[in-house]
Amino acid sequence: MVTLSRVEPADWQAVHTWAALPEACRFQPWGPNTEAETRAYVAAAVQAWSEVPQRRFTYAARIDDDVVGVGELHVRNRNHRQGEISYIVHPRLWGRGVATAIGRELLARGFGELGLHRIHATCDPRNAGSARVLGKLGMTWEGRHRHDMLLRDGWRDSEVFSILDDEWRNAISR
Ligand SMILES: CC(C)(COP(=O)(O)OP(=O)(O)OC[C@H]1O[C@@H](n2cnc3c(N)ncnc32)[C@H](O)[C@@H]1OP(=O)(O)O)[C@@H](O)C(=O)NCCC(=O)NCCS
């Protein structure tokens with residue numbers, strides 16, 4: 001079972017086991033990370049938990065006591081109750097439902113505790129695994145932003161998916 005808990009400073013070592021891998025960051029604007037970059041990422045994510053108002057919620061995903069991934073929920077606009085989710089999983093566990101479990105929990109926190117109205121996520125058009133996760137989460141494809149990120153291999157388009165609070169409530173009550 002996958003559980004989420006707020007990221008802790010000591011988690012940087014587990015995070016680095018995937019953040020240093022080219023396959024884990026292939027479609028991302030960062031990485032592969034040096035140790036210093038992973039420490040800085042985790043330190044900033046930990047620091048965000050004490051900001052008021054809090055806009056960034058970074059969780060370590062654990063199976064038993066092992067940190068196997070990270071899920072992030074960002075409040076993009078508090079007035080308009082807009083949020084964004086993202087996730088990453090250690091490649092040794094890909095294909096076992098871990099990202100889907102992380103995503104479900106992020107949506108529950110975003111729509112539940114945070115009272116958001118719309119939550120979106122983006123992925124590289126080549127990232128079929130992530131697009132599949134977003135579909136399994138009940139998100140709807142909205143369209144494609146063109147060249148909104150510069151990756152190591154050039155400009156990246158982003159597929160945009162979203163889910164609204166009533167859609168999420170209907171899905172979990174079924
Ligand atoms: C994308 C990622 C998070 C998926 O994690 P995961 O734990 O393997 O995801 P899940 O097991 O919950 O679901 C993956 C689904 O995609 C499918 N999938 C994986 N690769 C695929 C591919 N190349 N083509 C089509 N489907 C694919 C799997 O079969 C599975 O679907 P299924 O349950 O219907 O069989 C993981 O690959 C990852 O961490 N990648 C690097 C970071 C990243 O891209 N994050 C997302 C940013 S948008």
Side-chain angles (χ1 to χ4, degrees), residues 1-4 7 11 14-34 37-38 41-42 45 56-64 66-76 82-111 116-172 174:
M1 193 178 105
V2 179
T3 57
L4 298 194
V7 69
D11 293 334
V15 171
H16 196 61
T17 64
W18 66 78
L21 302 177
E23 64 267 40
C25 51
R26 180 171 164 220
F27 302 124
Q28 312 301 329
W30 53 267
N33 277 3
T34 61
E37 286 168 334
T38 302
Y41 161 77
V42 171
R56 177 182 181 189
F57 301 75
T58 306
Y59 298 95
R62 291 185 163 77
I63 296 180
D64 300 323
D66 281 347
V67 177
V68 297
V70 159
E72 296 214 32
L73 174 60
H74 279 83
V75 177
R76 294 300 185 196
Q82 303 288 308
E84 178 174 4
I85 59 167
S86 59
Y87 39 72
I88 187 163
V89 173
H90 194 293
R92 74 187 154 84
L93 290 166
W94 285 1
R96 298 197 204 169
V98 176
T100 306
I102 294 172
R104 287 210 176 100
E105 189 58 30
L106 294 174
L107 293 181
R109 290 169 195 232
F111 289 126
L116 296 174
H117 174 64
R118 172 181 171 275
I119 295 178
H120 81 272
T122 66
C123 70
D124 187 307
R126 298 166 293 181
N127 196 347
S130 187
R132 173 79 187 126
V133 169
L134 298 174
K136 289 195 289 182
L137 293 175
M139 299 178 94
T140 298
W141 181 75
E142 291 186 344
R144 181 183 289 196
H145 287 165
R146 300 186 303 156
H147 287 203
D148 66 335
M149 267 185 216
L150 184 55
L151 303 195
R152 292 163 295 281
D153 58 354
W155 288 103
R156 188 195 108 161
D157 291 349
S158 293
E159 307 289 4
V160 182
F161 292 76
S162 74
I163 182 167
L164 306 179
D165 52 2
D166 60 336
E167 295 169 342
W168 174 77
R169 271 171 227 291
N170 287 340
I172 60 163
R174 264 190 236 127

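Positions are given from 1, in the same order as the sequence printed here.
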*Would you name the heavy atoms of I119 and G110 that are closest together and state the gap between them?*
CD1-CA, 3.9 Å
*Grab the two heavy atoms, one from V70 and one from I102, that are nearest each other, plus how far apart they are.*
O-CD1, 4.2 Å
*What's the verdict on side chain to side chain contact (heavy atoms under 4.5 Å, CB included) for R26 and L151, showing C-alpha distance, side-chain angles and the deciding distance?*
CA-CA 9 Å; R26 180 171 164 220; L151 303 195; over 6 Å; no
*Report the C-alpha distance between E84 and T122 in whole Å, list the side-chain angles of each, state the deciding distance to 0.1 Å, and finish with yes or no for side chain to side chain contact (heavy atoms under 4.5 Å, CB included).*
CA-CA 8 Å; E84 178 174 4; T122 66; 4.2 Å; yes
*asked:* Apply side chain to side chain contact (heavy atoms under 4.5 Å, CB included) to residues L137 and L106 and explain how you reach the verdict.
replied: CA-CA 10 Å; L137 293 175; L106 294 174; over 6 Å; no
*Atom pair CD1/CZ of I85 and R104 - distance to nearest 0.5 Å*: 11.0 Å
_Treating D66 as the side-chain partner and V68 as the backbone partner, does any N or O pair qualify as donor plus acceptor under 3.5 Å?_
no
*Identify the heavy atoms of E37 and N33 that sit nearest to each other, and give their distance.*
OE1-CA, 3.2 Å
*Might you point out which heavy atoms bring V7 and A45 nearest each other, and give the distance in Å?*
CG1-CB, 3.9 Å
*State, to 0.1 Å, how close R152 and C25 come at their nearest heavy-atom pair, and which atoms those are.*
NH2-O, 2.6 Å
*Does CZ in R146 sit with more than 12 non-hydrogen atoms of other residues, nucleotides or ligands closer than 6.0 Å?*
no
*Interatomic distance, L116 atom CG to W168 atom CH2 [nearest 0.5 angstrom]*: 10.5 Å
_Inter-residue atom distance T3.OG1 - E105.CD, 0.5 Å rounding_ = 9.0 Å
*May I ask you to decide if E159's main-chain N or O and H145's side chain share a donor-acceptor pair within less than 3.5 Å?*
no
_E167 side, atom CD; I172 side, atom CD1 - distance, nearest 0.5 Å_ = 13.0 Å
_Which atom of V67 lies closest to which atom of A14, heavy atoms considered_ = CB-CB, 3.6 Å
*asked:* Using a 3.5 Å distance criterion without hydrogens, assess whether the side chain of D157 forms a donor-acceptor pair with backbone atoms of H147.
replied: yes
_Any side-chain to backbone donor/acceptor pair from R156 onto Q28? Under 3.5 Å, distance only._
no
*Can you tell me how far CG of D64 sits from CE of M1, rounded to the nearest 0.5 angstrom?*
10.0 Å
_Y87: which residues meet the ring-ring contact (aromatic ring centres under 6.0 Å, His included) condition with it, sequence neighbours left out?_
none
*Return yes when atom CG of D166 has more than 12 non-hydrogen atoms of other residues, nucleotides or ligands closer than 6.0 Å, and no otherwise.*
yes
*Could you tell me whether the side chain of L134 reaches within less than 4.5 Å of the side chain of W141, counting heavy atoms only?*
no
*Would a distance-only check, ignoring hydrogens and angles, find a side-chain to backbone donor-acceptor pair under 3.5 Å from W18 to V89?*
no
*Measure the CD-OH distance between E72 and Y59 for me, rounded to the nearest 0.5 Å.*
10.5 Å
